[in-house]
Amino acid sequence: MDLKPINIYPLIDNVIKPSQYVGGELNSVHKDIKKCKASIVLAFPDLYEIGMSNMAIHILYNVINNHPDFVAERTFAPWLDMEEQMRKTDTPLFSLESRIAVKEFDILGFFVQHELCFTNIVNMLNLAKIPIEYKDRGNEYPIIIAGGPGVFNPEPIAPFIDFFVIGDGENVIIDILEKLSELKNKGFNKNEIIKEMGKIDGIYVPSFYDFIYKTDGSVKKIIVKDSFPKNAVRNIILNFGSFSQSLKLIIPNTQVIHDRFWVEIMRGCSKGCRFCLAGFIYRPVRERNVQSILNSIIQGLEETGYEEVSLSSLSSTDYSEIEYLLKSLKRNLEGSHTAVSLPSLRCDSFSVKLADLISQERRTGLTFAPEAGTQRLRDVINKNITDEDIYNCARAALSSGWERIKLYFMVGLPTEEMSDLDGIINIINKILIIAKTEVPKDKYSRIKINVTISPFCPKPNTPFQWVGQDSLEILDKKINYLKRKLKKKNVFIKIHDVHRSQIEAIFARGDRRLSKAIRIAWKMGCKFDSWKEQFSYDKWLTALKKDNVDITFYANRHREEDEIFPWEIIESGQNRKFLFKEYKKALNEQITPDCRLAGCNSCGLQEIIKCPIS
Amino acid sequence: MVKNTSKVIIRFRFSKLSDIKYISHLDLINLLIRALRRAKIPMLYSKGYHPKPKLSTAYALKVGWESVGEYADIILSKKLSTKTFVKRINDQLPQGLKVLKAKSVKLSQSLSSQINCMRYQLIFSYRPELVKRQEADLLLKLFTENMIGFNNQLSKNAKYFKEKLLNFKIRSLPDNIIIDFLIAIGSQDDLKINDLIKFLNSLENKRKFFLKRILRINMFRKDGDLLLSPFTLLK
Ligand code: SF4
């Protein structure tokens, strides 16, 4: 083991934002690695400013470092200029805390947010001087693991990863480290350890599964080696919130994307929007006790000095005691010049009322996501809001002084027709009319209606996993139509790149064979693909072509009901039967009510856990 | 005392050393404000949509440069002894940032309008593998000549320094050459100082030494031959 710290100073003298590489933040933990029974480096395959804005990194870092025997350090993807310096000086990827090569840790754990960070994973392994594929890695290398929402179809990166951790990581990460230190003690080698790990719930060891494909390219059969479980069932913690009590956020010295204190008030969402991966893979809804949230916020703000706190969850206005929570917060934070933010507002006037409540001092922008322009299409995607809800919401917001309204819509949703796009246009027009009546003449020019349009990308483990994505031509046509029709005063439209969305769609439902294309793309220089200025569709196209990948097969093809999917081994909790029923209901424009309000829909979760809601 | 008519202001000098030198000026401001909040220093906030504590600093330090002579003014909402202030804030500052001195005042002018010159130190290190001890003196001479030369050149920048470079001293230590200089400030000083550094670095063609550290030592108001520190200016 080479635990000598790397001298990073000569490298960072001439790079952008050098502070991102030096660590030393308040609440960062420095342990003596030699004295710990097991060590892990948490790797985030994007910049520091993105990674430090991710809740999971903070949670895992705390859970592990609170354990006396284990140590967790952090590493992030270096920006291009830093990478150049590292390669020039032959400096390996290092950890922020001890500045030792990440190769020296027992485990290197990637947090995978989405498909567009796959090339960064490859690049980081390469920078770490670790062979990219597990088959090329001997005992001298750390165990490479991965978790996060991006591994619910782990297959495209399966050849790179020793094992995947599916679902909530708070408990299982300790199980993993305990097992590791026990087996290390017993003298097990790395392969034997990985094999043993496969016995822990929710862990998926890809090398124990083989795929056989049909001539049409789809999966024919999955062969399970030895006596490994047929499925890796998602880890679900039911004592949610007990971890958050002692959570000490690392306070970056330098600005990050979410530069504020946060508390996770709730995990999971039961709305059942059919396009939404997060809405399924984080079920069931688990709420944190309101008093404990209040205590955490008051204590956390005192300890960190932050001037803003965010109440995080997938749908914070659905937290059952949200009104009480906000009112108490307001009372408690009176005079402390602290802002409260709600990241995810439901599209109704109740949400505006809540936003009003917490924004006495600042009233700039509100964000809502109607997602589709007509009632019909919103029924298809199970977004249970009406046109009236949207208008009431806009009316409430505009009349109480909000000047910017941001609206999210998708194009390319299943069954979408041009009339659904006209629906989007109608909604915007109607909001403009509302603004004319609600906003005083002298202020009208300040009104901004920001419309963000994203191409729909079908995700695995959702009811739309059977659906093909619209082709680029169709998506372009639809988007251009909207662009033309929404050229209006006070309306500002932002479009998410269709090309990036297509690459995302390919890998979202891709299989192991795609790992080769990822490597080719990386070799050609693809990295930071989620960064607009870095993404190169041309390079990706060349890489896919080089490996004879049929884009249509992965992105645009409609799947048969009984097709075996590459992510079949991962059991997200919602069973196939339920998801398919939801898909059929979608096609019939039938909605499924929120199970928290209308009772259990038997999504499948009730078969693996005692669902606290049902 | 009538509220708000007599403001309580604390002027403090602080250092920015080691790793924290890599944060930007904006980061520094945020970091100071958060530390002041943690330290429960009673601060006066601005009115309006985005209330902010009234913290003003003198001249921004470039990312990567260090300092033992940074200054800031903070307006308090309540009286607080400077001793308590220094203790509380230092308990909350991350490594590398430290308040060295504080003085409470009823205010005058802003820091940046009071200051007109700064003292810097450039520390060059020898490359031991290339420089034999006896050569050090020669290098020192080279440096001195070049500094004077630079100052006398008729280029635009040199002219600038002729007016601005108030004095400089070069000394040689066993491992370093240290250049101390006092420079009058105006617009775009960082750029000008950078020019100087670039110029000195170009001497590095000889590859015998390298710029190890840029340290801001202090800032002053120069009044004739008198150098007044920001604390004396408060009177
Ligand atoms: S098991 Fe029933 S109650 Fe629980 S999340 Fe699924 S549908 Fe909702």
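In what follows, every chain begins at residue 1, and chains take the letters A, B, ... in the order their sequences are listed. Just so it is clear, the values below take in all heavy atoms, side chains as well, and ignore hydrogens, waters and symmetry mates.
Along residues 247-256 of chain A, the residues that come nearer than 4.5 angstrom to chain B, judged on non-hydrogen atoms, are A:Asn253, A:Thr254, A:Gln255 in order of number. Among the residues in residues 90-101 of chain B, those with a non-hydrogen atom closer than 4.5 angstrom to a non-hydrogen atom of chain A are B:Pro94.
For chain A, the option among B:Lys21, B:Arg38, B:Lys52, B:Arg34 with the highest count of heavy-atom pairs below 4.5 Å is B:Arg34.
Contacts classified as salt bridge (charged side-chain N to carboxylate O under 4.0 Å, His left out) and involving residues 11-20 of chain A (residues at least two apart or in different chains) are given here: A:Lys17-A:Glu49.
Looking at B:Leu31, the atoms closer than 4.5 Å to chain A (heavy atoms on both sides) all sit in the side chain, from C-beta outward. In this structure, the portion of B:Lys40 lying under 4.5 Å from any heavy atom of chain A is its side chain and not its backbone. Neither the backbone nor the side chain of B:Leu36 comes within contact range of chain A; no heavy atom of the residue lies under 4.5 Å from a heavy atom of that chain. The part of B:Leu26 that comes within reach of chain A is its side chain, from C-beta onward, which places non-hydrogen atoms under 4.5 angstrom from that chain. Heavy atoms of A:Gln20 lying under 4.5 Å from chain B are absent altogether.
For the residue pair A:Ser19 and B:Tyr22, the shortest heavy atom distance occurs at CB-O, 3.5 Å. The two residues B:Ile33 and A:Glu307 make their nearest non-hydrogen contact at CG2-OE1, 4.0 Å.
When the side-chain contact (heavy atoms from CB on, under 4.5 Å) test is applied to A:Arg331, the partners found at least two apart in sequence or on another chain are A:Ser328.
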Might you work through the side-chain contact (heavy atoms from CB on, under 4.5 Å) test for A:Glu302 and B:Arg37, ending with a clear yes or no? CA-CA 8 Å; A:Glu302 264 183 27; B:Arg37 283 171 65 96; over 6 Å; no
Can A:Tyr21 and B:Asp19 be said to form a side-chain hydrogen bond (donor to acceptor under 3.5 Å, both in side chains), step by step? CA-CA 10 Å; A:Tyr21 307 109; B:Asp19 285 1; over 6 Å; no
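Within 6.0 Å of the CG atom in A:Asn295, the count of heavy atoms belonging to other residues, nucleotides or ligands exceeds 12.
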